[in-house]
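All chains are named by letter (A, B, ...) in the order of the sequence lines, taking the proteins before the strands, and each is independently numbered beginning at 1.
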Amino acid sequence: MLFFRREGTITLSNKITAKERLQINRQRMPEQDATARAANFQEVNLGFGEQLAMLEAQRCLQCREAKCIAGCPVMVDIPRFINYVAEGNFAAAAENLLRDNALPAVTGRVCPQETQCEARCVRGQKGAPVAIGYLERFVADWARHNEGSIVTTHAPRMGRKIAIVGSGPAGLTAAGELVRVGHSVTIYEALHKPGGVLVYGIPEFRLPKKIVHDEVQRLKKTGVKIECNVIIGRTYTLQDLRQRFDAVFIANGAGLPVFMNVPGENLKGVYSANEYLTRVNLMEAYDFPKTDTPVLAGRRVATIGGGNVAMDAARTAKRVGAEQSSIGYRRTRAEMPARAEEIHHAEQEGIAFEFLVAPLEVLGNAQRWVTGLKCRRMRLGEPDESGRRSPVPIPGSEFVIECDLVIVAIGSRANPLLTATCPELKLNKWGNIEVDASGMTSLPGVFAGGDIVRGAATVILAMGDGKRAARTIDVYLKRG
Amino acid sequence: MHKILSKRKLSPNVTRLDVLAERIAAIRLPGQFVIVRRGEGAERIPLTIADSDAKAGSIALVIQAVGKSTRELVALEEGESIQDISGPLGRPTELIESGHALCVGGGVGTAVVHPIAQGLFRRGVRVTSVIGGRSKEWVIFEEELRRLGEVVVCTDDGSYGRKGFVTDAVKDLLAAGGVDVVYAIGPVPMMRAVAELTRPASLHTSVSLNPVMVDGTGMCGGCRVSIGGETKFACVDGPEFDGHQVDFDLLADRLSIYRPQEQKSLARHGEACLIGLEKPKGA
Ligand SMILES: Cc1cc2nc3c(=O)[nH]c(=O)nc-3n(C[C@H](O)[C@H](O)[C@H](O)COP(=O)(O)OP(=O)(O)OC[C@H]3O[C@@H](n4cnc5c(N)ncnc54)[C@H](O)[C@@H]3O)c2cc1C
Ligand SMILES: Cc1cc2nc3c(=O)[nH]c(=O)nc-3n(C[C@H](O)[C@H](O)[C@H](O)COP(=O)(O)OP(=O)(O)OC[C@H]3O[C@@H](n4cnc5c(N)ncnc54)[C@H](O)[C@@H]3O)c2cc1C
Ligand code: SF4
Ligand code: SF4
Ligand code: FES
């Protein structure tokens with residue numbers, strides 16, 4: 001035997017057989033104790049140490065036809081960087097990973113690995129897949145702490161100017177790629193801090209803001225200009241940008257909260273998840289009154305929804321002091337779109353789940369404060385065209401979830417602020433911008449990607465769009 | 001960073017700051033506002049652009065000190081800076097092309113009505129302003145509005161102009177006839193009262209709503225108001241709406257959401273009591 005499963009005492013070798021690799025079990029992510037962490041905002045997952053990472057990396061069979069790669073929307077060369085980790089050559093692992101993925105410290109933490117890369121890993125067919133996400137995170141964190149040891153190259157400037165609208169993962173990725181090939185890039189961001197959902201939506205306990213901040217600083221060092229507090233459609237129009245720049249990439253996300261459209265929704269104590277999370281994350285309301293923006297803590301908080309946003313809201317509620325925090329979802333656990341790890345962590349932290357329920361009305365008292373959420377039970381009916389079984393109400397099943405705060409996390413749509421000021425921009429029926437196969441909109445030289453094109457999707461898909469747009473913009477500018 | 005070029009106290013608790021914000025100064029239109037964040041850890045608060053000077057690249061913010069954020073803003077001195085100003089936000093006012101407009105301003109709302117009167121005046125619309133305050137020293141923007149048309153000043157105690165509320169003066173002016181539109185901006189009860197005066201004759205009355213805001217771009221939904229039974233986001237669909245359609249109860253109610261927290265914040269600011277201060281528009 002070449003290994004012992006305890007950190008610190010492992011002997012490693014590159015020349016291990018497949019059989020030996022198969023004998024290693026998936027390493028567990030060290031995490032903060034559930035009770036302790038439900039009361040603080042520090043990161044839940046603590047990350048692999050070097051030994052644990054190397055051991056986990058040895059589980060990878062280095063498949064000749066690595067299926068995992070096809071599961072990753074940006075096609076990270078997974079076995080290659082993992083092989084370097086197994087060898088303990090973290091610098092090489094980082095160089096390779098960063099070539100494919102500009103924000104691995106982010107995606108390693110927030111990608112739905114279980115439906116993407118890890119879903120395709122052959123080791124998952126019998127047992128647990130390689131912990132690709134944890135390894136990605138390990139390498140990215142190593143790189144952040146050993147910045148000097150990684151080489152990045154930049155082409156000389158060639159004087160083409162590109163404007164990017166929005167500093168979320170799509171915008172940041174496109175900016176990074178464009179400066180790398182020598183263009184000048186200016187990002188315009190509506191809020192006072194760059195990062196998009198990564199700073200205003202996803203909480204600190206899942207994605208420390210320091211990581212996003214460092215990534216933004218790194219981009220700035222490479223010459224990317226970021227102007228905050230500039231709202232395209234208000235401060236400048238798209239037309240202004242088209243005149244001043246050679247190309248424009250629109251990556252303004254899908255920041256329009258969807259409400260439930262039920263009576264009582266404007267009562268005091270009803271938040272959209274966007275508002276709730278923005279207050280806590282971007283405006284740091286968890287530190288009130290040291291910071292100036294307040295948030296209602298709530299004693300009993302009911303969150304409606306089943307995605308990452310709902311998990312984040314419900315878990316945040318616990319952390320800002322709610323005694324009880326529950327999630328109501330209209331389908332079952334199996335259909336919940338949230339990352340498996342988030343659901344698991346939420347359960348560990350004592351979040352109560354009510355499945356197969358749909359909200360009917362928010363109830364309030366004489367002072368118009370929320371007192372409860374009237375719901376109806378559902379059952380799963382026949383599969384619809386999409387193959388998903390849609391929920392059907394059960395007559396006479398009304399009941400009340402008693403609560404003093406309701407957080408609505410049932411999705412978000414394209415924000416019309418920008419598009420409304422530019423009628424020539426072709427939209428689909430949901431208000432998302434239409435693009436062709438190359439990522440170009442109906443306006444020449446104007447490209448779009450991320451959530452504004454896809455509707456609320458994922459970080460890695462937004463990054464993939466940013467990367468692709470950067471490539472097509474480069475081609476477009478060199479041709480034109 | 002936005003440098004404060006000048007600072008002037010207009011009334012016991014209203015201060016005017018002229019602040020460098022070139023881009024906004026060049027393009028802002030009547031009815032639009034900015035969101036201001038003083039510095040790290042500070043709140044984002046909405047303030048109307050009361051005036052601008054495109055040549056100097058400055059905008060005028062007229063601020064009523066009601067809570068921690070506004071007090072800290074007016075505590076800034078000339079030469080100091082505000083960290084973040086974003087805008088111009090909101091839909092510009094729908095200005096009539098000709099005729100006679102009544103511009104009604106209560107308290108700090110007078111500063112908010114000023115750019116509207118300005119816009120109307122520039123189009124050649126006849127402007128009559130009705131403005132009010134508790135007593136003489138609380139009346140603001142009189143001089144600026146006089147340059148645009150006739151001004152009727154009302155004070156609660158009769159220490160200056162006409163004694164009584166602005167609504168009394170509005171009633172008389174409406175009775176005299178010839179008014180084509182009313183723009184009313186001030187505390188919620190005042191806007192509601194003016195809207196009730198004009199409702200019987202269906203005289204169009206535009207009011208400016210001031211719900212609590214965060215981003216100002218339609219992203220959070222915190223600023224939702226009810227207009228004709230429909231939920232709207234004041235920051236992008238407004239802030240001005242048809243006064244006859246507004247659910248003022250809901251607005252006033254939602255403005256009270258953070259009252260305990262506001263008190264706490266203020267206590268931290270070092271002044272535990274609000275006594276002697278006028279309530280802001282909306283409170
Ligand atoms: C709470 C929450 C949790 C999530 N969790 C996950 C997760 O775990 N894993 C995952 O993969 N995905 C997750 N997602 C989804 C993911 O964050 C998004 O799909 C992704 O951020 C989209 O990236 P984007 O660059 O298209 O837009 P965004 O991240 O939305 O960024 C858009 C930026 O543009 C700015 N902007 C908007 N309008 C304008 C304008 N007119 N002018 C200038 N700037 C403008 C916005 O302020 C924002 O900063 C989560 C989303 C939320 C809300
Ligand atoms: C579109 C818009 C334009 C505005 N323009 C101006 C302006 O030109 N000048 C100006 O002085 N104020 C204006 N306001 C109001 C201003 O934003 C608030 O007074 C400010 O946010 C209060 O912050 P604070 O921390 O000082 O007080 P807080 O401690 O937050 O509040 C103190 C008191 O003010 C009330 N309050 C809280 N938020 C608001 C609010 N948004 N509007 C009214 N009352 C509020 C509270 O109920 C409380 O009674 C505007 C508001 C909006 C929405
Ligand atoms: S970017 Fe996401 S999907 Fe791709 S390898 Fe990394 S964790 Fe997996
Ligand atoms: S499929 Fe799994 S085992 Fe094979 S290369 Fe990818 S990560 Fe390694
Ligand atoms: S302030 Fe957030 S939507 Fe209006």
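Here the closest non-hydrogen pair linking P294(A) and Y258(B) is CG-CD2, 3.6 Å. Minimum heavy-atom separation, W369(A) to I257(B): CH2-O, 3.5 Å. Closest heavy-atom contact between S86(B) and A190(A): CB-O, 4.4 Å. Residues V214(B) and M283(A) come closest through the heavy atom pair CG1-CG, 4.3 Å. The minimum heavy-atom distance between L267(A) and R254(B), with the atom names listed, is O-NH1, 3.5 Å. Residue R23(B) comes nearest to D240(A) through the heavy atom pair NH2-OD2, 3.3 Å, listed as atom of the first residue, atom of the second, then distance.
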- Message: side-chain contact (heavy atoms from CB on, under 4.5 Å), that's the test. Do D215(B) and T278(A) meet it? Break it down for me.
- Response: CA-CA 9 Å; D215(B) 57 298; T278(A) 300; 5.8 Å; no

- Task: Using the side-chain contact (heavy atoms from CB on, under 4.5 Å) rule, take S256(B) and K268(A) through it: C-alpha gap first, then chi angles, then the decisive distance, then the call.
- Result: CA-CA 9 Å; S256(B) 72; K268(A) 292 176 285 185; 3.5 Å; yes

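Taking CD from E265(A) and OG from S226(B), the interatomic distance works out to 12.0 Å, rounded to the nearest 0.5 Å. One distance of note links CZ of R91(B) with CZ of R234(A); it measures 7.0 Å at 0.5 Å rounding. To the nearest 0.5 angstrom, L250(B) atom CG is 5.5 Å from R368(A) atom CZ. The CZ atom of R44(B) sits 9.5 Å away from atom OG1 of T293(A), with the distance rounded to the nearest 0.5 Å. For the atom pair CD1 (I35(B)) and CG (L191(A)), the distance works out to 9.5 Å, reported to the nearest 0.5 Å.
Only the backbone of V295(A) comes within contact range of chain B, with heavy atoms under 4.5 Å apart. Contact of N266(A) with chain B is made through backbone and side chain together, with heavy-atom distances under 4.5 Å. Neither the backbone nor the side chain of D237(B) comes within contact range of chain A, judged by heavy atoms closer than 4.5 Å. With a 4.5 Å cut-off on non-hydrogen atoms, V212(B) touches chain A through its side chain but not through its backbone. For E72(B), the part sitting under 4.5 Å from any heavy atom of chain A is the side chain, from C-beta outward, and nothing else. Contact of L417(A) with chain B is made through the side chain alone, with heavy-atom distances under 4.5 Å. Only the side chain of F288(A) comes within less than 4.5 Å of a heavy atom of chain B; its backbone N, CA, C and O stay farther away.
Formation of a donor-acceptor pair under 3.5 Å by the N274(A) side chain with backbone atoms of M219(B) is found in this model. The backbone N or O of P289(A) lies less than 3.5 Å from no partner atom in the side chain of S265(B), so there is not a single donor-acceptor pair. In terms of modelled atom types and a separation under 3.5 Å, the side chain of N415(A) and the main chain of T217(B) share a donor-acceptor contact.
Side-chain atoms of C220(B) and Y200(A), non-hydrogen and from C-beta on, never get closer than 4.5 Å to each other.
The environment of K3(B) atom NZ is sparse: at most 12 non-hydrogen atoms of other residues, nucleotides or ligands sit within 6.0 angstrom. For R242(A), the CZ atom counts as densely surrounded, since its 6.0 Å shell holds more than 12 non-hydrogen atoms of other residues, nucleotides or ligands. By the neighbour-count criterion of 12 heavy atoms within 6.0 Å, atom NZ of K264(B) is sparsely surrounded, having that number or fewer from other residues, nucleotides or ligands. Atom CD of E80(B) is surrounded by more than 12 heavy atoms from other residues, nucleotides or ligands within 6.0 Å. No more than 12 heavy atoms of other residues, nucleotides or ligands lie within 6.0 Å of NE2 in H213(A), so this atom counts as exposed by the packing criterion.
Listed options T291(A), L296(A), L256(A) were ranked by heavy-atom pairs under 4.5 angstrom with chain B; first place goes to L296(A). Between chain A and the options D247(B), V236(B), I45(B), the largest number of non-hydrogen pairs under 4.5 Å is found for V236(B). Chain B forms more heavy-atom pairs under 4.5 Å with one residue of P416(A), S272(A), P257(A) than with any other, namely P257(A).
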